[in-house]
Engineer: 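Have a look at the structure that comes next, please.
Each residue takes its place number in the sequence, starting with 1.
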Amino acid sequence: MIEPENASESTSLESLTGESAGLQTLRDEVRTLRSLFSAAAMALLLLSFGINAYLYYQDRILRKELDTAKKMTQEFETVRRPMVNTFITRLQDFARSHPDINPILDKYGIRPAASAPAPAPSPAKNGK
């Protein structure tokens with residue numbers, strides 16, 4: 001007896017709404033899926049904006065560091081390298097007159113420039 005009463009209630013609901021309960025359930029599920037998809041798409045969009053903002057920030061920082069490194073390199077090439085070369089030349093000159101410093105220079109790969117060899121004495125003429 002319970003079943004016929006339920007059957008009559010479901011048929012009365014169907015007649016009032018004009019749709020079956022299964023079709024209404026399906027529409028509710030589709031609506032829920034659409035809202036979930038919209039929420040997931042919005043979250044993905046926000047995440048991509050956040051990642052792009054972070055990468056832009058990192059790019060700005062690295063470009064500033066690169067500019068600073070380029071300036072340091074240019075300053076070294078124009079100011080420091082000539083000073084270092086002058087210092088090495090003076091060390092090599094000093095090593096010519098003080099050979100005891102040669103092992104230290106050899107350790108750091110600074111070999112004194114070889115002085116030009118003295119010209120060989122010309123052979124004496126036998127006719128004199």
Side-chain angles (χ1 to χ4, degrees):
M1 285 201 173
I2 297 174
E3 289 179 21
E5 290 175 15
N6 287 342
S8 63
E9 288 177 14
S10 66
T11 54
S12 64
L13 287 175
E14 287 177 14
S15 63
L16 288 176
T17 60
E19 299 176 346
S20 68
L23 186 58
Q24 184 62 34
T25 305
L26 185 61
R27 285 188 177 165
D28 289 341
E29 288 180 7
V30 169
R31 191 176 302 121
T32 303
L33 283 176
R34 281 185 183 165
S35 64
L36 285 174
F37 179 76
S38 297
M42 186 62 71
L44 183 64
L45 185 67
L46 290 174
L47 182 67
S48 67
F49 280 136
I51 289 173
N52 282 332
Y54 174 75
L55 290 176
Y56 175 74
Y57 173 73
Q58 289 294 318
D59 181 58
R60 279 186 28 218
I61 289 173
L62 288 177
R63 285 187 190 274
K64 287 179 184 177
E65 289 179 5
L66 181 62
D67 290 341
T68 303
K70 284 180 180 179
K71 287 177 184 176
M72 288 175 57
T73 303
Q74 183 181 10
E75 187 262 339
F76 175 79
E77 290 294 329
T78 58
V79 177
R80 303 287 180 185
R81 186 176 296 265
M83 289 172 51
V84 170
N85 287 340
T86 302
F87 177 71
I88 290 174
T89 304
R90 288 182 180 172
L91 265 177
Q92 290 171 342
D93 291 341
F94 182 78
R96 282 192 201 103
S97 60
H98 299 85
D100 55 326
I101 199 168
N102 283 335
I104 297 171
L105 295 180
D106 287 341
K107 178 180 176 182
Y108 294 104
I110 304 171
R111 287 216 152 264
S115 58
S122 59
K125 291 186 176 181
N126 291 339
K128 282 189 176 183

Engineer: Taking only residues two or more places apart in sequence or in another chain, which ones pass salt bridge (Lys or Arg N to Asp or Glu O under 4.0 Å) with Glu77?
Structural biologist: Arg81
Engineer: By side-chain hydrogen bond (donor to acceptor under 3.5 Å, both in side chains), which residues pair with Arg63, not counting sequence neighbours?
Structural biologist: Asp59
Engineer: Per the ring-ring contact (aromatic ring centres under 6.0 Å, His included) rule, what does the pair list look like for residues 22-66, sequence neighbours excluded?
Structural biologist: none
Engineer: What about Phe76 and Met72, same hydrophobic cluster or not, with Ile/Leu/Val/Met/Phe/Trp/Tyr joined at side-chain heavy-atom distances under 4.5 Å?
Structural biologist: no
Engineer: Who else is in Leu33's hydrophobic cluster (ILVMFWY, side-chain heavy atoms under 4.5 Å, direct or via others)?
Structural biologist: none
Engineer: With Val84, which residues qualify under side-chain contact (heavy atoms from CB on, under 4.5 Å), at least two apart?
Structural biologist: Ile88
Engineer: Suppose the criterion is ring-ring contact (aromatic ring centres under 6.0 Å, His included): which pairs have a residue in residues 90-112, not counting sequence neighbours?
Structural biologist: Phe94-His98
Engineer: Using a 4.5 Å cut-off between side-chain heavy atoms of Ile, Leu, Val, Met, Phe, Trp and Tyr, which other residues end up in the same hydrophobic cluster as Val79?
Structural biologist: Met83
Engineer: Please report the interatomic distance CD(Gln92) to CZ(Arg96), rounded to the nearest 0.5 Å.
Structural biologist: 6.5 Å
Engineer: Do the charged groups of Asp67 and Lys64 touch, with an N to O distance under 4.0 Å?
Structural biologist: no
Engineer: Could you pull out the closest heavy-atom pair between Pro103 and Asp100, with the gap in Å?
Structural biologist: CD-O, 3.4 Å
Engineer: With sequence neighbours excluded, tell me which residues meet side-chain contact (heavy atoms from CB on, under 4.5 Å) with Leu47.
Structural biologist: Ile51
Engineer: With sequence neighbours excluded, tell me which residues meet side-chain contact (heavy atoms from CB on, under 4.5 Å) with Asn102.
Structural biologist: Ala95, Pro99, Leu105, Pro112
Engineer: What pairs meet the side-chain hydrogen bond (donor to acceptor under 3.5 Å, both in side chains) rule with one or both residues in residues 31-41, with sequence neighbours excluded?
Structural biologist: Asp28-Arg31
Engineer: Report, as yes or no, whether the 6.0 Å neighbourhood of atom CZ on Phe87 holds more than 12 heavy atoms from other residues, nucleotides or ligands.
Structural biologist: no
Engineer: Could you work out, with side-chain contact (heavy atoms from CB on, under 4.5 Å) as the rule, every residue matching Glu65, not counting sequence neighbours?
Structural biologist: Ile61, Leu62
Engineer: Under the salt bridge (Lys or Arg N to Asp or Glu O under 4.0 Å) definition, can you give me all pairs with a residue in residues 35-45, not counting sequence neighbours?
Structural biologist: none
